[in-house]
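Naming convention: chains lettered A, B, ... in sequence-line order (proteins, then strands); numbering from 1 in each chain.
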Amino acid sequence: MTTTQIVNFEAVAKSFGAVRALVDVDMQVVAGECLGLVGHNGAGKSTLMNVLAGTLSADTGVIGIHGQNLTRHYNVAVAHDHGIRCVFQELSLCPNLTVAENARIFHASLKGFGWKKRAGKMIIDKLDEIFPQHGIQADDVVGDLTIGRRQMVEISRAFTVSDEPLHLVILDEPTSSLDVVAARQLLSFVRKVVSEGQSCILISHMLAEILDYSDRILVMKDGEVVEEKLAQEYDRDSLVAAMGNVVESEAIEAHEENIKIRGKTPLVVKAVPRTQTGGIEFCAHKGEIVGLAGLASNGQKRMLLQVFSAADRHLNDTRVEGPVALVAGDRQTDGIFHLWSIGQNVGVRSLKNMVKGWLIGRDQEDAMASKWQAKIKIKTPDMNNNILSLSGGNQQKALFARALGSDAEIVLMDDPMRGVDVGTKLEVYDQIRKEAEEGRTFLWYTTEMDELFNCDHVYVFRNGQIVSELSRSELTEEKILQSSFKESA
Amino acid sequence: MKRYLTNPKFLRSALPAASLLVLLAAIFYIQPRAMSQFGMNLMLQYAVPIALATIAQMFIITVNDLDLSIGPFVGLTACIGATLLNTNPLLGVLALLACIAAYAALGALIHWRNLPSIVVTLGMSFVWLGIAVLVLPTPGGTAPDWVKAIMSFKVPGIPFPLIAAAIIAVVVHFALMRTSYGAVLRGAGGNPKAIGRAGWSLLKTKMIMYAAAGFFGVLAGLSLIGLTSAADAHIADRYTLYSIAGVILGGGEFVGGRVSPTGAVLGALTLTLTGSFLIFLKISPDWQIGAQGGILILVLALRALINRREAQA
Amino acid sequence: MSSMTASLKNLREKPWIWSYLGMLVVWLATISFTGGKGGGDVITAALSFATFTVIVGIGQMFVITTGPGNVDLSIPANIALSGAVAMKVMGGENEMLLVGFAASMGCGLAVGIFNYSLIRVLRIPPIIATLSASFLILSTAIAYGRGLKIKPPLLLSDFTTLQIAGIPVLALFIIVVATVMSVVLNRTLYGRSVLAIGQNMRAAWLAGINVERIRFATYVLSALMAALCGFLLAGFSGGASLNMGEEYLLASIAVVVIGGTSVAGGKANVPGIWGAALFMFMLVTMLNTFGASAGIRLIMTGLIIVAVITIAGGDKPER
Amino acid sequence: DTSDKKIALSNNYAGNSWRQAMLKSWDKVTSAAVKAGIVADAPAFTTAENQVTEQASQIQNLILEGYDAIVINAASPDALNGAVKQACDAGIVVVSFDGIVTEPCAYRIAVDFAKMGEIQVDYLARRMPKGGNLLEIRGLAGVFVDDEISAGIHKGVKNHSQFKIVGSVHGNWAQDVAQKAVAGILPSLPEVAAVVTQGGDGYGAAQAFKAAGRDTPLIIMGNREDELKWWKQQKDANGYETMSVSIAPGVSTLGFWVAQMILDGKTVPHDLTVPFLQIDQDNLEANLSNTEAGGVANVEYSLEDAKAAIK
Ligand SMILES: Nc1ncnc2c1ncn2[C@@H]1O[C@H](COP(=O)(O)OP(=O)(O)OP(=O)(O)O)[C@@H](O)[C@H]1O
Ligand SMILES: Nc1ncnc2c1ncn2[C@@H]1O[C@H](COP(=O)(O)OP(=O)(O)OP(=O)(O)O)[C@@H](O)[C@H]1O
Ligand SMILES: [Mg+2]
Ligand SMILES: [Mg+2]
């Protein structure tokens, strides 16, 4: 293995107004390694990667690439020329173009006669290599794909090679929209690439992924690198401790003792998936946490939307008792109001309750904003800032606050923890359980196995159908994986 | 084959053609005389400049902007075509090139200051009209003979407007939908940030799209005077609305870079034909204007029907 | 220093300021040309005519704010129809004033419902739906009124032309309406819903907003404002005519956008409409005063609009 | 014998009272002619938008429909020539009026628009030998009628140098636009002695003067009933004196008869000129009583009138 240095950052700093997103960060990446990057939401990981990818310019500091000092005129094109690619946290594909055309965008050299074929072959080959059985075609329009598949396309695209070099691929939370299987496929591919001498930077809030698949780990906190060690020197607890969170894994175990008996409380949701052919019915009782499991894009989201649209009108195949709120997972298309402040984004679901006479009470709005800023720890100096000034995980928290702070008795969650850091996750789990005990019902679609253990009852989806139903006591990882792959009955 | 027929992409692009065919069938039913080369020529001649203007508008809509000045711009190029281009070809060509350059500059300005295109082009619509009034204070002028010759070109058996429409559709389709840089241009409408992040210049894409719009605006103006043989400043005022309606009728969307050159050309043909349909229906003068609206609604309602069928399937 | 940058930032957040600044500059240019003569009268005239643009502008603003592609092109035809209906119903009688008002509002309501059903039931893109509707409405107006000009009741024409100390009463009245609408936009459930829908229709639906009800209300509101404009305009100019709405097609869009409302939807601004309407009127007045030829006048109008919007600058992308 | 002939009216705009009266006259005269068996059919067609290209396609569709004659009020004098030529080539008689076309094969019933402007100033010169300041209200910029009338007015001012045009606005032939434009420019104008117009904007101008609190100058009127009525009121109240010039919308019926006569085999000169409608102080009442409320003063032609007119 060589030890050529690819990236050398010295004292890189970046501020957004009063927010110091990066404070004198040093970072090195050598060839043939996978660097893990962890930190709480808003720690500055994405900002650092944006600087490395050339999409943001640093305020101060030295940017060295391949031993050259490129600080002066570093930009996207220069990064590209040096073989540095980035899979950004937010989608960077053009939804109106096909998969092949999106691949072409990345490779200026792909032109001339037959470029479409070549681009299509290039991206599909890579998809085949990383995610076998991805089910994506080169002429699929990206906007028609589910978010998971879009993520696969974007990741694969970053690894395609035409005539530009490829030395380093940055993966900013690549697994947040992938299910277990796809995530594992990606991570083993990363190991393979690294063993071939290329490098990766991997950002994730799933600490197991970082611990298992990276060589070295950089821990960030409030814009600073607070620790840097080899991966094997960490275990989960020490890593969490380095990030500045208290270890609270007992919380999960504690729940096991608290199993509810189904049917004690009234039924609040009863539905049959539109594509179901006989068999299992989807039910939720008041105060339950019901999980929707299975691989991504197998009809879980469709089920949630079916329940959501049944809330305000009568549908034959779906019965919903009580007001409903939804926590979006695909926050760009389903959640964020990009022109509004954080506070307005949080308050929008509860406006009806803030109306005094005819007008929306300013005080109520502010009160709700600051209450939830404290409660769910949204990292911002001012809730009146625009929502996009938040880091990805913090935007997700705002969406949580929107639903939890509403009057909804049933909360639908569409894989809502995408990009939320460990500490917050545990707190949110806690909150969900507390609210469930007080009578709120949660329908929780998740692609993370761990999260299912917070549920009282789990339905496993495959191909738009419910293929099995597991109560908390029957729940094991094997059973879920088994049903996820099993053909429907 | 089955996969192809139920493919939403295919259905979406087949809709504009379907509406056009239905309208055409209705016209042939009411007025069989229209079903001849002579008839088609007469009915569709004026669709050619509208199709060109619609394509121009489509380029702008591709990058998420809207051009409220294309009508007056076509009027201006028509005025230049009927005056300068005829009397002093060199100067005329230069003036038309300057018009295209002005469009590219508009694109640059809009990108540079991140301006709402609607206001800028609204302002420019006054400017184009003003220049046109200066160039040609009273209606008149003469179209150059070669322009007239092109527009009265005859091919035995096939109506010229159909040939022209096909050429426009194929050329633009190839340039925008099939070339590799075309993908970048459309991508700039779909997700400009992604295009920027991949290292392309967004300024360049905007300027190219605006220049292309200017170029097709010029073609629209010239083909128009080829038919009318004279110009006036207001000759194409309504093209602004027509072109927008044509793009939408052709299945284009206002944002997100989803456009279709063939659809746009078909949309322009459809718009033109609604006028003919109306004449053949012989409605009382009071309701003729309304009937035009009614036909537009019918055509679009038909599409809604197919769309819903598709959604159910 | 920091307070200065803060106030500059404040200015940036108030896009309507530019239309008022533009208006001020144009006004100063006009009165300096006439040597200070008639400055007040220009303002009076601007107020009385801008009023009508503002009325339709407010409705158009709500429509435009519901997102890209949403625009009401039926305003001119609606103005013509509701004006004609009101005049015919009233037949010049003062006692019929309220009946006439109700009739024109009824017209507006019908137009709004019609527009929306085209958009919703037949799923026609709004821009073509309202354009097609406008043809039908205009035909109705033609068939109904045949272009007859009936004088408005004295009470109405007196009210619409009444001035107190050089300030048109109607303008005062519409300033109040605009203020109310500004509150409606920013502080009511309806207004917030419109803003949310304009940013992201799907997210708005998932946030529990009844998207279709709000869109319905918006198209009806726009149609009602156009009908109000038709009613008042007919009173102001001594009767309804078929083409009296024509100039409001582009004007209603222009004042909304110059006034700082985003054509991409989700961001709107009421005070800016007044500024922009006054600016547009004074601009024409200034060029008329300078006595420029029609061509030059048009070119100047266009260039000044572009200049104002360029100086004001567009939205800064957040991230 | 033309009893099997079909004559169509091609019209490009129906959005104002003049055009409405024009269509109404057409309808009145032609339906009588159809009933009397003089022609087989004589429908009117109006385009949705006031647009050359739309009218050109309209004419082409009328060719396709097989009409024997097309009577045109054209959106543009030159830009329809292509379509008109096609009609002539198809053996169709084309008669244009009001908005005439320059294509030689067509017949033209022209109004001397320049003269219409000139006589306004001539009249003013008689009324105000000492002259004064004039405000000019024009039509729609870039349209030939506007240019012609305005050229006539300017020629008149040249002939009578005691007058000076101190302001000129475009009223787009719409009363409310005119009112708005006049109201805008008035504050900056010195004393205005008279307002010269293109017909139809007089009432709007009067309103604007009233709103600005200025003395009403001498305003040349058009032929709308509200203008005439206002004039009458002023005349009764304070002896206000002015004149009115306009084109009678009934000229469309002259177009009809000309087309019919050509189809009948009569020779008709290609260029005809019709007098414009002029109303003076003494025949105001007579004209007013002939004008329906809300309409325009009008003259319709019978076959005999038409025969007289082409002599
Ligand atoms: N354009 C911007 N304007 C203002 N503040 C910003 C902007 N971009 C980032 N920030 C702030 O910079 C800090 C770092 O954000 P960054 O996105 O790098 O966090 P992160 O570590 O990637 O978090 P996450 O895990 O949630 O994605 C945050 O406090 C964020 O609010
Ligand atoms: N009738 C059906 N037959 C087979 N598969 C179906 C059917 N209906 C739905 N599916 C599956 O469900 C997917 C779409 O469902 P949906 O978008 O709700 O999945 P999801 O997992 O919730 O999506 P996301 O990845 O956005 O979270 C399809 O891609 C398909 O795999
Ligand atoms: Mg991040
Ligand atoms: Mg999924």
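- The shortest heavy-atom contact between S180(B) and W115(A) is N-NE1, 3.3 Å.
- The minimum heavy-atom distance between F106(A) and A198(B), with the atom names listed, is CD1-CB, 4.4 Å.
- Taken from OG1 in T179(B) to CZ in F113(A), the straight-line distance is 13.5 Å, to the nearest 0.5 Å.
- Of the atoms belonging to A53(A), not a single heavy atom falls under 4.5 Å from chain B.
- Taking CZ from R197(B) and CD1 from I105(A), the interatomic distance works out to 14.5 Å, rounded to the nearest 0.5 Å.
- Of the listed residues (G182(B), G199(B), G257(B), G196(B)), the one with the most heavy-atom contacts under 4.5 Å to chain A is G257(B).
- With salt bridges taken as basic N to acidic carboxylate O contacts below 4.0 Å, one links R186(B) and E101(A).
- Using modelled atom types, no side-chain atom of N191(B) and backbone atom of S92(A) make a donor-acceptor pair closer than 3.5 Å.
- Residues R258(B) and V141(A) are in side-chain contact: their nearest non-hydrogen atoms beyond the backbone lie under 4.5 Å apart.
- The closest side-chain heavy-atom distance from C94(A) to I195(B) is below 4.5 Å.
- Contact annotation for K111(A): both backbone and side-chain heavy atoms come within less than 4.5 Å of a heavy atom of chain B.
- No more than 12 heavy atoms of other residues, nucleotides or ligands lie within 6.0 Å of CZ in F215(B), so this atom counts as exposed by the packing criterion.
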